[in-house]
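I have placed the structure first, in the form of structure tokens, so that the comments after it can refer back to it.
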Amino acid sequence: MQMYSEKDVDASVLAGKRIAILGYGSQGRAHALNLKDSGHDVVVGLRRGGASWKKASSDGLRVEEPADAVKGAAITVFLTPDMVQPSLYSSVESNLAKGSAILFAHGFNIHYQRIKPRDDLDVVLIAPKGPGGLVRRQYEEGHGVPCLVAVEKDRSGNALQLALAYAHGIGGARAGVIETTFAEETETDLFGEQAVLCGGATELVVAGFETLVEAGYQPEVAYYECMHELKLIVDLLHEGGLRKMHEFISDTAAYGDLVSGPRVVDAHARERMREVLQDIRNGTFARNWIKETESGQKKFREMMQADLDHPIEKVGARLRSQMDWLDN
Ligand code: NAD
Ligand code: MG
């Protein structure tokens, strides 16, 4: 494993060069503000009149239409939703400076060949392992979110250093930058969010809640057990792994964890995980998501609405409204 830190970065490769950030959402805002605070020349590329335009300019950033923002930029960064990036790339390609770099925070469009970059461009990835809000907050506190770096095409001979200097500018080099490939980043990122983080964790929470409610327990008590308390466990895992969790939970909880956890996430669940990974690796998941987008994302919105209409959401909203320390 190759891990880079601040001492490996030659920040001078970006000195006096312009960075164009396309998109001003979760990642875009964090990257643009961090780079600006690190002393870089940043331009944000957005559709005129869109909601993000006002936000970026009131944050003190220079904002232009994407096709203008990329002119003269040494690095153009694609931070719009993944499904929007191929058409956005086509609309700016002819204005990308010869021999400049394009940078992604997720490898999807390069790995699945939705974007086929012009031959003179460096193609690199800096993927922060955390949401944009955290990328900004950690930077402001003098820390950083760890990042992955990958180089798909090194036409300049300097692509890795350019990417590392970018990671340094957003604060990621403070926490460490691990070298990977577009394939590894894309496939592990999709798997993690589907099987464990977003898909797996929420299904576990909801199934646990339903099991308790169906057996006649109060929904409020089930909510505290299955959703609210998850944060306490996740914080312990984040800070000190399985060991720290086991130090803080009771012996009874630890024994129950060890004998019952594998009964729930059993061989059957692991087999399903392998299938999910298979669909990611052979492109089935990407094809389905692209098809869903091309047909207007109707099914996506319906499934989302069903998630938001689940009874756990009503109980949760009521209980959280009494936790006045929560930001909601
Ligand atoms: P987002 O949905 O928050 O970004 C939306 C932004 O894109 C808005 O500013 C919007 O105005 C802009 N936009 C939409 N369509 C546009 C168009 N046609 N032209 C110009 N701008 C347009 O996006 P995000 O979640 O920050 O994701 C950006 C990239 O970062 C993706 O590749 C994603 O996979 C990756 N990523 C995201 C996270 C995360 O925490 N959200 C983490 C790691 C990597
Ligand atoms: Mg879910």
Side-chain angles (χ1 to χ4, degrees), residues 20-35 42-59 61-70 73 75-93 95-96 102-112 114-115 117 123-139 144-150 152 163 166-167 170-172 175 177-178 180 182 184-194 196-198 280 285-286 289-290 293 297 300-301 304:
I21 304 283
L22 306 183
Y24 201 69
S26 174
Q27 292 291 328
R29 180 168 189 272
H31 291 218
L33 292 176
N34 291 4
L35 290 162
V42 177
V43 185
V44 179
L46 292 170
R47 289 163 300 179
R48 189 175 294 280
S52 302
W53 185 292
K54 246 191 236 126
K55 187 144 193 239
S57 36
S58 69
D59 283 342
L61 291 153
R62 180 171 150 197
V63 190
E64 292 173 1
E65 302 253 12
D68 292 324
V70 304
I75 307 183
T76 294
V77 190
F78 288 84
L79 295 176
T80 65
D82 293 305
M83 291 300 112
V84 170
Q85 291 176 14
S87 62
L88 184 60
Y89 175 81
S90 303
S91 74
V92 301
E93 187 186 54
N95 286 354
L96 295 172
I102 56 175
L103 188 147
F104 297 86
H106 178 39
F108 192 98
N109 289 298
I110 295 296
H111 180 58
Y112 294 114
R114 302 277 295 158
I115 292 176
V123 182
V124 296
L125 171 114
I126 290 293
K129 290 289 103 180
L134 196 65
V135 172
R136 180 59 182 157
R137 197 159 66 245
Q138 293 275 38
Y139 178 89
V145 168
C147 292
L148 301 181
V149 62
E152 177 79 4
Y166 183 91
I170 64 171
V177 184
I178 293 180
T180 182
F182 272 68
E184 184 178 65
E185 186 279 335
T186 304
E187 291 169 358
T188 56
D189 190 73
L190 293 173
F191 178 80
E193 65 200 16
Q194 292 177 27
V196 181
L197 306 174
C198 310
I280 291 167
F285 170 78
W289 178 212
I290 291 159
T293 297
Q297 298 191 343
F300 176 47
R301 280 198 301 275
M304 177 81 81

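Order of listing sets the numbers, starting from 1, for every ligand and every atom in it. Excluded from the calculations below are hydrogen atoms, water molecules and symmetry mates; all remaining heavy atoms, backbone and side chain alike, are included.
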How long is the straight-line distance from CD1 of I102 back to CD of E152, given to the nearest 0.5 Å?
9.5 Å
Gap between atom CG of L33 and atom CD1 of I170 - 0.5 Å precision
12.0 Å
Heavy-atom contact under 4.0 Å between L22 and ligand 1?
no
Element-labelled atoms of ligand 1 that are located less than 4.0 Å from some non-hydrogen atom of Q85
31 (C), 32 (O)
Contact between L61 and V42 at the side-chain level, heavy atoms closer than 4.5 Å - yes or no?
yes
Identity and separation of the nearest protein heavy atom to atom 13 (N) of ligand 1:
R47 NH2, 3.6 Å
What is the closest protein heavy atom to atom 25 (O) of ligand 1, and at what distance does it sit?
S26 CB, 4.0 Å
Within 4.0 Å of some non-hydrogen atom of P128, the atoms of ligand 1 are 43 (C)
Atoms of ligand 1 close to L88 [distance to a heavy atom under 4.0 angstrom, numbered from 1]
19 (N)
Mind checking whether F78 and Y89 have parallel, tilted or perpendicular rings, split at 30° and 60°?
tilted
Starting from atom 38 (C) of ligand 1, what is the nearest protein heavy atom, named by residue and atom, and what distance separates them?
Q27 NE2, 3.3 Å
Can you pull out the closest protein heavy atom to atom 4 (O) of ligand 1? Residue, atom name and distance to 0.1 Å, please.
G25 CA, 3.6 Å
Would you say H106 and L190 make side-chain contact, with heavy atoms under 4.5 Å?
yes
Can you measure from CZ (R29) to CZ (R136) and round to the nearest 0.5 angstrom?
7.0 Å
Atoms of ligand 1 under 4.0 Å from any heavy atom of D82, numbered from 1 in the order shown, are 31 (C), 32 (O), 33 (C), 34 (O)
CG of L79 to CD of Q27, rounded to nearest 0.5 Å, is 6.5 Å
Measure V84 to ligand 1 on non-hydrogen atoms and call it side chain, backbone, both or neither using the 4.0 Å cut-off.
side chain
For P81, is the nearest heavy atom under 4.0 Å from an atom of ligand 1?
yes
Return the residue, atom name and 0.1 Å-rounded distance of the protein heavy atom closest to atom 40 (O) of ligand 1.
P131 CA, 3.2 Å
Do the ring planes of W289 and F300 sit parallel (below 30°), tilted (30 to 60°) or perpendicular (above 60°)?
perpendicular
Proximity flag R29 to ligand 1, non-hydrogen atoms under 4.0 Å:
no
Please report the interatomic distance CD1(I115) to CZ(F108), rounded to the nearest 0.5 Å.
10.5 Å
Enumerate the atoms of ligand 1 whose separation from the nearest heavy atom of S52 is less than 4.0 angstrom.
8 (C), 9 (O), 10 (C), 11 (O)
For the OG1 atom of T80 and the CZ atom of R47, what is their distance to the nearest 0.5 Å?
8.5 Å
Considering only protein heavy atoms, which is closest to atom 27 (O) of ligand 1, and at what distance to one decimal place?
T80 O, 4.1 Å
Return the residue, atom name and 0.1 Å-rounded distance of the protein heavy atom closest to atom 44 (C) of ligand 1.
A105 O, 3.5 Å
